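The structure appears right after this line, and notes come after that.
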Amino acid sequence: MTHIVLLHAFPVNRHLWDAQAEYLSKAGRRVLTPDLAGFGDSRLPQESTMAALAEQVLAQVGQPTVFAGLSMGGYILMEILRQHPEMVTGAIFMDTKAGADTDQARDQRLEVADAVLAAGHTRDLADATLPKLLGETTRASNPDVVAQVRAWIEAAPPEAVAAAQRAMAGRPDSVATLRRYEGPALVVWGAEDTISPMADQQVMLDAMPQAVGREIPASGHLSAVEQPSAVNDILLEVLSDWR
Ligand code: MLT
């Protein structure tokens, strides 16, 4: 029976995966949804690096397994593949990208890190990021999901936001890492995702010729909560195929 570790996005927490954890558990899969980088119940990492975030995850994972990482979770999965490829029996990259930041994006992350620490809250971050995280369909027709994601962001400790932003700012390009990976792979993206658009998905698909690509209609960047049933079905399908 294949098990799975689900790695959440920035700046939310493990509850991003509640629908998938419930669905896959009922289907008999063991599911681990760790909080990352000081979000939720997790501790701040020792250092603000992707390596430290990956180590925090691996400390909770006893054996090689399938991983799914959504956006920041995908960056952590790429770091695990770089440092400990033997721990990955299948890789699912959701709404993420393999490239490093541009200088401008890096500077912006460091500014956000400083700003949330100075403010001591993440309400402004919620205002700024919600319209980008959620697709237009969700924003127009699913106020419960909009409110839930806002609540998660507002509950995020500023220190976790700063640590994660600094770690993501320093992350290397992962295209060569994906090229080296020969195990089963799936690339999933929301059709309305503007943070990780199709061009970024194509880079990952080109780097892993064995990867299957799946687009989720009517979803933005946070597909796990915007279209949970579609994501549930895709995950169970691949877990059944990747024995
Ligand atoms: C995420 O959803 O985890 C973020 O969009 C990642 C990022 O800021 O690059």
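Note that the coordinates shown come from a computational prediction; the quantities given were computed from them, not determined experimentally. One-based numbering, in listed order, for ligands and for the atoms of each.
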Report the residues that fulfil side chain to side chain donor-acceptor pair (under 3.5 Å) with Glu192, sequence neighbours left out, ordered by chain and then residue number. Thr137

Protein heavy-atom partner closest to atom 3 (O) of ligand 1 - residue, atom, separation in Å: Phe10 N, 2.7 Å

Let me check something: any side-chain donor-acceptor pairs from residues 154-166 under 3.5 Å, sequence neighbours excluded? List them with distances.
residue	atom	partner	partner atom	Å
Glu154	OE2	Arg150	NH1	3.3
Gln165	OE1	Arg109	NH1	2.8
Arg166	NH2	Asp114	OD1	3.1

4.0 Å heavy-atom contact, Arg109 with ligand 1: yes

Among Ala9, Gly69, Ser71, the residue with a heavy atom nearest to atom 1 (C) of ligand 1 is Ser71

Atom 5 (O) of ligand 1: nearest protein contact (heavy atom, Å): His221 NE2, 3.1 Å

Just by distance, do the side chain of His121 and the backbone of Arg123 share a donor-acceptor pair under 3.5 Å? yes

If we only count heavy atoms from C-beta on, is the Val231 to Leu235 side-chain gap below 4.5 Å? yes

Which heavy atom of the protein is the closest neighbour of atom 9 (O) of ligand 1, given with residue, atom name and distance? Tyr75 OH, 2.6 Å

Geometric N/O contact Leu222 with ligand 1, under 3.5 angstrom: no

Less than 4.5 Å apart, side chain to side chain, heavy atoms only: is that true for Pro85 and Arg180? no

